[in-house]
Asks: 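Here's a structure for you.
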2 protein chains.
Amino acid sequence: MSNPKVSIYDIAHAGNVSVATVSNVLNGKGRVSPATRERISALAQEMGYIPSLAAKTLGKNQTYTIGIITPDVSNEFFSNIVLEVETQLYEHGYTSYICNTGNDPLRENKYMQDLMQRNVDGLVLAGGTSDLGASSIPSSVPYVAIDRNSSNSSHFKGSCALVGNDVRSMTHDMTCFLAQHGCQRIAFLISSKGWVIAPENNRYGGYLDALNDCGMHLDKNLILWGPHAMSSRTEARRLVADSLSEDIEMDGIVAMGDRVALGAVEELRARDIAIGTDVKIIGMDNSPYARICRPSITTVDRGTKRMANEAVRVLLGLIEKKRISVLNVTVPYRIIERETTMGPIQNLPFNVDR
Amino acid sequence: MSNPKVSIYDIAHAGNVSVATVSNVLNGKGRVSPATRERISALAQEMGYIPSLAAKTLGKNQTYTIGIITPDVSNEFFSNIVLEVETQLYEHGYTSYICNTGNDPLRENKYMQDLMQRNVDGLVLAGGTSDLGASSIPSSVPYVAIDRNSSNSSHFKGSCALVGNDVRSMTHDMTCFLAQHGCQRIAFLISSKGWVIAPENNRYGGYLDALNDCGMHLDKNLILWGPHAMSSRTEARRLVADSLSEDIEMDGIVAMGDRVALGAVEELRARDIAIGTDVKIIGMDNSPYARICRPSITTVDRGTKRMANEAVRVLLGLIEKKRISVLNVTVPYRIIERETTMGPIQNLPFNVDR
DNA sequence: AATTGTAAGCGCTTACAATT
DNA sequence: AATTGTAAGCGCTTACAATT
């Protein structure tokens, strides 16, 4: 229907004006008489004009493109955030590259280079286990990191921001929640992928804090973390299985993620251990799995939508206003109580959702 | 560390050669002496050169960019495909825009325009309920549609391909599967979003075929489809609830998707109806939900990985070889039998995975 | 013949000059 | 003063010419 490729020169020629005028009309800028504006506008439409973003980029050095880097969109927690961020950015005129790194530093690096060549206006880092300080983000491009561990936010160069929960206090609260429900020997269950168990890790640190606050002492046998290389659910199940086979006693499990919690549930279920009574479990992320699973899994709503909102708001601020200060947005969370922490479970398979 | 912006002119100048030579070195093309090649290569590296894809695009009219359009990445079926496609394309040097339309024609259209401005080399359409023939894809850009209904593939202009299951035969087999398991009154349950119940719809058509083959007759009351506007799980649950409230009898449900099946399970469970015995259910997509749910849901593995493979292979073929023929790849599927079609369910909550 | 350089072109933006 | 036009520049590619 339209000629293969019509440029503003073609329009200028057909309309008997200069390219500057065409450009001004098309961008609603400059002083152009209403008549010309109208006429050229219609002409462009009629000629089937499609602007070339590449040329625009070369002219203005803006791409209206954002790179979203995430370890794993197949995880609902991240995919929710990413989807929300993408949608909102789109409404602000930005199109997103969504890059899945699978927590592989090599891929992360390759992607980063690619995005630099593509001249993205900004970056969103959703999750990722490595310390942010270690990342190699060029200081020229503003970015916001969501739910990312970062020990030394003071070192950051460039304009960036952090959005996330207070993870340390969250893990603390999860552990205390189990303690309040009568648990004495609470295990800390985490998928090994990329995480290091050290007090600098806020997740682990929060667990330690809670033990302290609740007058319990650390038993290293209850730290369930190992060098497996499988899905976090399978790995978690294996870790729980190994512990139980070694007769390590536990009456509570703080699981770093609902997939991890699900693995624990599956193993306990297979062993006919009364979940919610003999062993209580709390997961994290409020994924659909936690709701659908029987028994349904007590979990933490981390406010993903809010995170996405804040991330977009802050990023656009950084891009447009070129602020250089370090921002730090903390999003509230809340525990959702379900069957895995509710004592004797009545009438299991057929009861209604909570 | 590197100067804010170094171009091939800077390199040419610093290396005392022409830009053509630099370009040739950087792209491994043309005849350049090994010595120069080596020297300029190192120089570029050292100067921290980052090529500008925008300029490259303008020069060559290739972007190494693919647009992936999908209705809903929050659905595992699509997110699996999209993730796989993206990963594979990336390995072939292409970066992807992932566009979520939510089945909204307006958004789909806006995205399409955006992608055209961005000059994508190709398009992947993963899912989507509207008929492909109706879409407004410029004939200049090659594309492949995955799992998309298309009545008249003969009308296609441009270079394109279809990848998917034989959906009609799949729905047929699902229905027959229930019939073979003794079901007499089999309901067809589908989320209303975007689907029209007409024989042209292969899903519905396959159901009709099966009724015919199995010697049953169509009862319109057993077509569960309605103008709700909620998640497919909730909608399915509501549809089943409504039917049961109207005392419509059914002993089997063919659900178009595992989320839909899950909704049915939830409603039957709430009513203490024996799933697998009194009512058998088969879902579709082999999502994690179907496995995790109790009772676990019989479903269909549609070969998503294979679909992604084929889509990438075919698309790259279209892009590189500029073939104009219409390709049509059919991927095999297989039914996975689980508890919802297995008769009396023993020892439900604690039994092991199948 | 092998290697390297010149210059136009890709499709825009925008400072500034020129016209009305 | 309001409107419009000129021309350079953004960073590449590539046909072709020029040099060794």
Side-chain angles (χ1 to χ4, degrees), chain A residues 2-41 43-44 47-65 113-114 116-121 140, chain B residues 2-41 43-44 47-65 113-114 116-121 140:
Chain A
S2 59
N3 308 12
K5 207 88 210 183
V6 13
S7 76
I8 59 170
Y9 276 89
D10 300 323
I11 300 176
H13 185 250
N16 250 312
V17 290
S18 75
V19 285
T21 301
V22 176
S23 176
N24 281 331
V25 168
L26 259 23
N27 294 294
K29 302 201 315 183
R31 305 225 54 80
V32 181
S33 78
T36 319
R37 174 144 275 151
E38 174 78 11
R39 188 166 60 86
I40 299 301
S41 224
L43 190 55
M47 294 174 74
Y49 171 67
I50 297 175
S52 156
L53 216 109
K56 219 169 215 160
T57 296
L58 220 49
K60 298 205 321 170
N61 214 34
Q62 245 215 305
T63 56
Y64 301 98
T65 306
Q113 270 179 271
D114 187 82
M116 290 308 105
Q117 297 187 194
R118 286 167 192 274
N119 235 290
V120 293
D121 293 340
S140 55
Chain B
S2 59
N3 307 14
K5 207 87 209 183
V6 13
S7 76
I8 59 170
Y9 277 89
D10 300 322
I11 300 177
H13 186 250
N16 250 312
V17 290
S18 75
V19 286
T21 301
V22 176
S23 176
N24 281 331
V25 167
L26 259 22
N27 294 295
K29 302 200 317 183
R31 305 225 53 79
V32 182
S33 78
T36 318
R37 177 144 272 151
E38 175 78 10
R39 189 167 60 87
I40 299 302
S41 224
L43 190 56
M47 293 175 73
Y49 172 67
I50 297 176
S52 157
L53 217 111
K56 219 168 215 159
T57 296
L58 218 50
K60 300 205 320 172
N61 214 33
Q62 243 214 308
T63 56
Y64 302 99
T65 306
Q113 270 179 271
D114 186 84
M116 291 307 106
Q117 296 187 194
R118 286 168 192 273
N119 236 289
V120 292
D121 294 339
S140 54

Asks: Is the shortest side-chain heavy-atom distance between I8(A) and Y49(A) below 4.5 Å?
Replies: yes

Asks: Which one of L43(B), V32(B), I11(B) satisfies the side-chain contact (heavy atoms from CB on, under 4.5 Å) criterion with V22(B)?
Replies: I11(B)

Asks: Give every donor-acceptor pair under 3.5 Å between a side-chain atom in residues 12-20 of chain A and any protein atom, sequence neighbours left out.
Replies:
from, atom 1, to, atom 2, distance (Å)
S18(A), OG, A20(A), N, 3.4
S18(A), OG, T21(A), N, 3.3
S18(A), OG, T21(A), OG1, 3.3

Asks: May I ask you to say what T57(A) touches in the nucleic acid, namely base, sugar-phosphate or nothing, with a heavy-atom cut-off under 4.0 Å?
Replies: nothing

Asks: Quick one: pull up NZ in K5(A) and CG in D10(A) and give me the separation to the nearest 0.5 Å.
Replies: 11.5 Å

Asks: Got a sec, which residues hit side chain to side chain donor-acceptor pair (under 3.5 Å) with S41(B), two or more places apart in sequence or on another chain?
Replies: none

Asks: At how many degrees, to 10°, do the end axes of the helix from dA1(C)-dT20(D) to dT20(C)-dA1(D) meet when each uses five pairs?
Replies: 60°

Asks: First locate atom CD1 of I40(B), then atom CG of N24(B), and finally report the distance between them rounded to the nearest 0.5 Å.
Replies: 11.5 Å

Asks: Is there a residue in residues 12-28 of chain B whose heavy atoms reach under 4.0 Å of DNA chain D, and which residues are they?
Replies: A20(B), S23(B), N27(B)

Asks: Which residues pass the salt bridge (charged side-chain N to carboxylate O under 4.0 Å, His left out) test with D114(B), not counting sequence neighbours?
Replies: R118(B)

Asks: Which residue, L58(A) or R31(B), contacts DNA chain C at a nucleotide closer to its 5' end, judged by nearest heavy atom?
Replies: R31(B)

Asks: Here's a test of your reading of the structure: between R37(A) and G59(A), which maps to the more 5' nucleotide of DNA chain D?
Replies: R37(A)

Asks: What residues, two or more places apart in sequence or in another chain, satisfy side chain to side chain donor-acceptor pair (under 3.5 Å) together with Q62(A)?
Replies: Y64(A)

Asks: With sequence neighbours left out, what residues match N27(B) under side chain to side chain contact (heavy atoms under 4.5 Å, CB included)?
Replies: S23(B), K29(B), K56(B)

Asks: State, yes or no, whether a side-chain contact exists between N119(B) and T65(B) at a heavy-atom distance under 4.5 Å.
Replies: no

Asks: I'd like the 5' and 3' limits of the part of DNA chain C contacted by chain A, with heavy-atom contacts below 4.0 Å.
Replies: dG11(C) to dT14(C)

